Asks: 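Below are the structure tokens for one structure; questions will follow.
Chain naming here is simple, since letters A, B, ... match the order of the sequence lines and numbering starts at 1 in each. Being a predicted model, the structure only gives us computed values, none of them experimental.
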Amino acid sequence: MSLRVYNTMSGKKEEFKPLVPGKVGMYVCGVTVYDYCHIGHARANIVFDIIYRYLQFAGYETTYVRNYTDVDDKIINRANERNISSHDLAEEFIVAFDEDMASLGLVRPTHEPRATDYIPQIIAITEKLIANGMAYEASGDVYYSVDKFPNYLQLSKRNMEEMQAGARVAPGELKQNPMDFALWKAAKPGEPSWQSPWGEGRPGWHIECSAMSSSLLGDSFDIHGGGRDLIFPHHENEIAQSEGASGKTFVKYWLHNGFVNVDQEKMSKSLGNFFTIRDILKTYDAEVVRFFILSAHYRSPIDFSDQNLTEAQSGLKRFYEAFEAAAAAITGIDLTGVSSDEGAKVEEKFVAAMGDDFNTALAIAHLFDGVRTINRLVSTKKFRKKTDLVAQVADLQQTIYRLGEVIGLFRSEPTAWLEKVKLTGLAKLSITADEIEAMIAQRLQARQEKDFARSDEIRSDLESKGILLLDSRDGTNWRLV
RNA sequence: GGCCCCGUGGCCAAGUGGUAAGGCAGAGGUCUGCAACACCUUUAUCAGCAGUUCGAAUCUGCUCGGGGCCUCCA
């Protein structure tokens, strides 16, 4: 199966060919662990989660590295505010991050390194850059000399003159060029520090990723990912460091996910418009969040809103309702010797969509086609006697489940999932499940007595409270309007 | 100011040269005591203008509108 990916470096979709046939090395910038993650972090991590899953589905033996940045100004500041150590603060939010990712149903990367476990490697790269003449020491700080790296700003497509015009040098920094950035920072009182050839200090942000990626994936690897906002300066600086040290091409494909916006604006703390993952999961099921995120292409911006999440929930419900109906319709039917190619048709389209720069929106649309086919077949007259149709439904159901696994969806038992969503919604109404059941019982009696006026009265009464009654052969069920 | 991206039906959203996927919502129909689910049918010429082309939502130019990066940031 062919795969094309959009490479930020070239600005184009390119045929994906890993450096080593059949194997992929992928590094994705993780989070700085100083606070709870928001929906934007959820998107970035879900996007690369499905890229990882798809690469494996496509047969690549994939090594996926996602780091924790556990030493940084923000961590230090936050730790000082709370009067605890940076280490303890980082640990607290690493645990929180892991919990959030687990509840969102992400698979764990192959490696999840912490920056502070790579201090020797960071120092080694820094020494090498100094030896190569690409970095210089100044009063215990070490800076990268961007003038020495000809390809600087190639990824972000900027030019040096204009960047320099806006660059600022903080007081006390001894930079030769205002664009130079710190590889190593001399220790200040109250900050975590490590011994180095330049005295006590701590690493700069960018060098951590260069050290962790080369240690776990080598000097050159296939995919480097992260949010758009990391293109400059973070990824630009990583390239400068890694290539400056190794002399080899750092990364073959650069992938960047788009933002989550709120009211068409970037979500940010300064605007106060951000939502944490744990808050969102109080109202919406994790798969709904994933479905919402995957319903747009990973490079497009998406707008976070209750309406959009509710729509995603309706869409996902359509899948689970079909699964429930399919399971009930085909259970216990012997299908030996009956075959179907319905699943293969869906799979082919799904793979084509995913292979075109991970077009999850289109891939899901093809799965919806499969759902419609299931629903249509299941309602055929004497369906259970027509084993060829039953085989098609079974095949589709199985295929959609299997493909859903590739994008991390449909992992719940349908009835349980539908029930959970129903009860979460019910919690917002002023009526309990028991009260509803009692009214259903009253209505049943009225219906048995053919008192349809009374029956309808109960129906409309419940409907005004947000509850819809569903009659079926097996009795009366209910759902939210 | 520099660089980059976007503007597709009521809403969300694919599609980047060959005649507009899918979802949500709506309308009509089948089904139902009524209702719901499901199914069937139905709803757009792609911000605007001008070009290139046999042919453009897709390429070029201009205009209008929105956003991002240039400082920490997924």
Asks: Both A/Arg158 and A/Val371 contact RNA chain B. Which one's nearest nucleotide lies toward the 5' end?
Replies: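 On the 5' side of the pair lies A/Val371.
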Asks: Does any donor atom in the side chain of A/Tyr284 or A/Asp306 lie under 3.5 Å from an acceptor atom in the other side chain?
Replies: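 The answer is yes; a qualifying pair exists.
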Asks: Does A/Glu463 have more than 12 heavy atoms from other residues, nucleotides or ligands lying within 6.0 Å of its CD?
Replies: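 Yes - once you tally the heavy atoms of other residues, nucleotides and ligands closer than 6.0 Å, there are more than 12.
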Asks: Is the ring centre of A/Phe181 less than 6.0 Å from the ring centre of A/Tyr143?
Replies: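 No, the ring centres sit 6.0 Å or more apart.
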Asks: Is it the case that over 12 heavy atoms from other parts of the model lie below 6.0 angstrom from the NZ atom of A/Lys386?
Replies: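 Yes, because the 6.0 Å sphere around NZ of A/Lys386 holds more than 12 heavy atoms from other groups.
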Asks: Counting Watson-Crick and G-U wobble pairs only, both distances under 3.5 Å, name the nucleotide matched with B/C3, or none.
Replies: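 Across all strands, the one nucleotide that pairs with B/C3 is B/G68.
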Asks: Phosphate oxygens OP1/OP2 of B/A38: is one of them under 4.0 Å from a side-chain N or O of A/Arg372?
Replies: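 It does not, given that no N or O in the side chain of A/Arg372 lies less than 4.0 Å from OP1 or OP2 of B/A38.
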Asks: Under the side chain to side chain contact (heavy atoms under 4.5 Å, CB included) test against A/Leu462, which residue among A/Met439, A/Glu435, A/Glu457 passes?
Replies: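 Only match with A/Leu462 under side chain to side chain contact (heavy atoms under 4.5 Å, CB included): A/Met439.
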Asks: On the six-membered ring of A/Phe48, is A/Arg66 placed so that its NZ or CZ lies under 6.0 angstrom from the centre and within 45° of the ring axis?
Replies: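 No.
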Asks: If I take atom NE2 in residue A/His256 and atom C1' in nucleotide B/C3, what distance separates them, rounded to the nearest angstrom?
Replies: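 Answer to the nearest Å: 15 Å.
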Asks: Send over the distance from A/Asp369 CG to B/C39 C1', rounded to a whole Å.
Replies: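 Nearest whole value for this atom pair: 15 Å.
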Asks: Counting only side-chain N and O atoms of A/Lys157, is one of them less than 4.0 Å from OP1 or OP2 of B/C69?
Replies: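 No, no such contact exists.
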Asks: Among A/Tyr401, A/Phe319, A/Phe291, which residue meets the ring-ring contact (aromatic ring centres under 6.0 Å, His included) test with A/Phe410?
Replies: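 It is A/Phe319; the other options fail the test.
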Asks: Counting Watson-Crick and G-U wobble pairs only, both distances under 3.5 Å, name the nucleotide matched with B/U16, or none.
Replies: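 Across all strands, not a single nucleotide pairs with B/U16.
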Asks: Which value, in whole Å, describes the distance between the P atoms of nucleotides B/C6 and B/A47?
Replies: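 Here B/C6 and B/A47 have their P atoms 12 Å from each other.
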Asks: Roughly how many Å apart are B/G55 and B/C70, using the C1' atom of each and rounding to a whole number?
Replies: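 Here B/C70 and B/G55 have their C1' atoms 41 Å from each other.
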Asks: If you count the non-hydrogen atoms of other residues, nucleotides and ligands that lie under 6.0 Å from NZ in A/Lys157, is the total more than 12?
Replies: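 Enclosed.
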Asks: How far, in whole Å, is B/U16 from B/G26 if one measures between their P atoms?
Replies: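 Their P atoms lie roughly 31 Å apart.
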Asks: Looking at B/G33, does its base get a donor-acceptor pair with the side chain of A/Asp456 below 3.5 Å?
Replies: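 Result: at least one qualifying N/O pair found.
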Asks: Considering only side-chain heavy atoms of A/Leu470, which listed nucleotide, B/A36, B/G15, B/A38, is closest?
Replies: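 Out of B/A36, B/G15, B/A38, the nucleotide with an atom closest to A/Leu470's side chain is B/A36.
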Asks: Students often get this wrong, so: under 4.0 angstrom with heavy atoms, is A/Phe368 touching a base, only sugar-phosphate, or nothing?
Replies: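 Answer is sugar-phosphate: A/Phe368 comes under 4.0 Å of backbone atoms only.
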Asks: Whether A/Ser300 contacts B/G67 is assessed here as follows: a side-chain N or O lying under 4.0 Å from the phosphate OP1 or OP2. Is that the case?
Replies: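 Negative; the distance criterion is not met.
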Asks: State which of B/G68, B/C40, B/A21 makes the closest approach to the side chain of A/Arg376.
Replies: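 Closest nucleotide to the A/Arg376 side chain: B/C40.
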Asks: Between P on B/C37 and NZ on A/Lys317, what's the gap in Å once rounded to a whole number?
Replies: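 That distance rounds to 10 Å.
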Asks: Base, sugar-phosphate, or nothing: which does A/Leu362 touch, judged by heavy atoms less than 4.0 Å apart?
Replies: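 The residue A/Leu362 makes base contact.
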Asks: Using the C1' atom in both, what is the distance from B/A25 to B/C62, to the nearest Å?
Replies: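 Here B/A25 and B/C62 have their C1' atoms 37 Å from each other.
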Asks: Checking all strands, does A/Gln307 fall into the base, sugar-phosphate, or nothing category for heavy-atom contacts under 4.0 angstrom?
Replies: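 Sugar-phosphate: the residue A/Gln307, judged by heavy atoms under 4.0 Å, touches backbone atoms but no base.
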Asks: Could you tell me whether the side chain of A/Asp471 has a donor or acceptor atom within less than 3.5 Å of a complementary atom in the base of B/C34?
Replies: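 When only heavy-atom distances are counted, A/Asp471 does reach the base of B/C34 through a donor-acceptor pair under 3.5 Å.
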Asks: Given the C1' atoms of B/G61 and B/A56, what is the spacing between them in whole Å?
Replies: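 Rounded to whole Å, the distance is 15 Å.
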Asks: Any strand is fair game: report the nucleotide pairing with B/C39 by Watson-Crick or G-U wobble, both distances under 3.5 Å, or none.
Replies: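 B/G29 - that is the nucleotide pairing with B/C39, both distances being under 3.5 Å.
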Asks: Could you work out which one of B/C24, B/C72, B/C4 sits closest to the side chain of A/Arg228?
Replies: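 From the listed options, B/C4 comes nearest.
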Asks: Any base atoms under 4.0 Å from A/Phe292, or only sugar-phosphate, or nothing? Heavy atoms, all strands.
Replies: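 Touches nothing.
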Asks: Side chain of A/His297 only, heavy atoms from C-beta on: which candidate in B/C11, B/A14, B/G23 is closest?
Replies: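 That would be B/A14.
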Asks: Specify the separation, in whole Å, of atom CD of A/Gln448 and atom P of B/C34.
Replies: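 Distance, rounded to whole Å: 18 Å.
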Asks: Using atom P in both nucleotides, what's the gap between B/U60 and B/G23 to the nearest angstrom?
Replies: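 Going atom to atom, P in each nucleotide, I get 32 Å.
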Asks: Looking for any heavy atom pair under 4.0 Å, which part of the strands does A/Val28 touch: base, sugar-phosphate only, or nothing?
Replies: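 Touches nothing.
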Asks: For the base of B/A74, is there a side-chain donor-acceptor partner from A/Arg43 under 3.5 Å away?
Replies: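 In this structure, the two groups form no donor-acceptor pair.
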Asks: Can you establish whether the number of heavy atoms outside A/Glu413 located under 6.0 Å from its atom CD is more than 12?
Replies: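 Enclosed: over 12 neighbouring heavy atoms sit under 6.0 Å from CD of A/Glu413.
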Asks: From the options B/G22, B/G23, B/A74, select the nucleotide whose nearest atom is closest to the side chain of A/Glu311.
Replies: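 Taking heavy atoms from C-beta onward, the closest nucleotide is B/G23.
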Asks: Could a donor-acceptor pair under 3.5 angstrom be found where the side chain of A/Arg459 meets the base of B/C34?
Replies: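 Yes.
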Asks: Heavy atoms under 4.0 Å, any strand shown: does A/Gly11 hit a base, just sugar-phosphate, or nothing?
Replies: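 Answer is nothing: A/Gly11 stays at 4.0 Å or more from every strand.
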Asks: Using a 4.0 Å heavy-atom cut-off across all strands, classify A/Asn359 as base, sugar-phosphate, or nothing.
Replies: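 Sugar-phosphate contact only - A/Asn359 comes under 4.0 Å of backbone atoms but never of a base.
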Asks: Taking the nucleotide of RNA chain B with the nearest heavy atom to each, does A/Asp72 or A/Asp356 sit closer to the 5' end?
Replies: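 Its nucleotide being nearer the 5' end, the pick is A/Asp356.
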Asks: Could you tell me how far B/G15 sits from B/A57 if I compare only their C1' atoms? Round to whole Å.
Replies: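 To the nearest whole Å, 9 Å.
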Asks: May I have the distance from A/Leu155 (atom CG) to B/C69 (atom C1'), rounded to whole angstrom?
Replies: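 Taking CG of A/Leu155 and C1' of B/C69, I get 12 Å after rounding.
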Asks: For the C1' atoms, the ones on B/A35 and on B/U42, what distance do you get once it is rounded to whole angstrom?
Replies: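 These two C1' atoms come out 23 Å apart once rounded.
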Asks: I need the CD1-C1' distance between A/Ile231 and B/C5, as an integer number of Å.
Replies: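 Taking CD1 of A/Ile231 and C1' of B/C5, I get 11 Å after rounding.
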Asks: Applying the Watson-Crick and G-U wobble criteria at under 3.5 Å, what pairs with B/G51? Answer none if nothing qualifies.
Replies: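 WC or wobble partner is B/C59.
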Asks: Once you apply a heavy-atom cut-off of 4.0 Å, does A/Asp229 come out as touching a base, just sugar-phosphate, or nothing?
Replies: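 Contact class for A/Asp229: base.
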Asks: Can you tell me the distance, in whole Å, between the CG atom of A/Asn308 and the P atom of B/A13?
Replies: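 Distance check: A/Asn308 CG to B/A13 P gives 7 Å.
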Asks: Nearest whole Å is fine: how far is B/A74 P from A/Ile50 CD1?
Replies: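 Atom CD1 in A/Ile50 sits about 20 Å away from atom P in B/A74.
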Asks: May I ask you to say what A/Ile364 touches in the nucleic acid, namely base, sugar-phosphate or nothing, with a heavy-atom cut-off under 4.0 Å?
Replies: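 Counting heavy atoms under 4.0 Å across all strands, no contact is made by A/Ile364.
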Asks: Given B/A36, B/C40, B/A74, which nucleotide is nearest the side-chain atoms of A/Leu468?
Replies: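 Selected nucleotide: B/A36.
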Asks: Name the nucleic acid region contacted by A/Gly40, choosing base, sugar-phosphate or nothing; use a 4.0 angstrom heavy-atom cut-off, strictly under.
Replies: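 If one applies the 4.0 Å heavy-atom cut-off, A/Gly40 turns out to touch a base.
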Asks: Which base, if any, makes a Watson-Crick or G-U wobble pair with B/U45, both distances under 3.5 Å?
Replies: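 With both distances under 3.5 Å required, B/U45 matches none.
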Asks: Verify side chain to side chain donor-acceptor pair (under 3.5 Å) between A/Arg202 and A/Ser193, making sure each step is shown before the conclusion.
Replies: CA-CA 5 Å; A/Arg202 62 184 172 95; A/Ser193 66; over 6 Å; no
Asks: Does a distance-only test, which skips hydrogens and angles, find a donor-acceptor pair under 3.5 Å between the side chain of A/Arg443 and the base of B/G33?
Replies: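 Side chain to base: pair present.
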Asks: Once hydrogens and angles are ignored, does a donor-acceptor distance under 3.5 Å link the base of B/G33 to the side chain of A/Arg447?
Replies: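 Answer yes: a donor N or O sits under 3.5 Å from an acceptor.
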Asks: Please determine, for the side chain of A/Ser455, which listed nucleotide (B/C72, B/G33, B/A14) has the closest atom?
Replies: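 Nearest listed nucleotide: B/G33.
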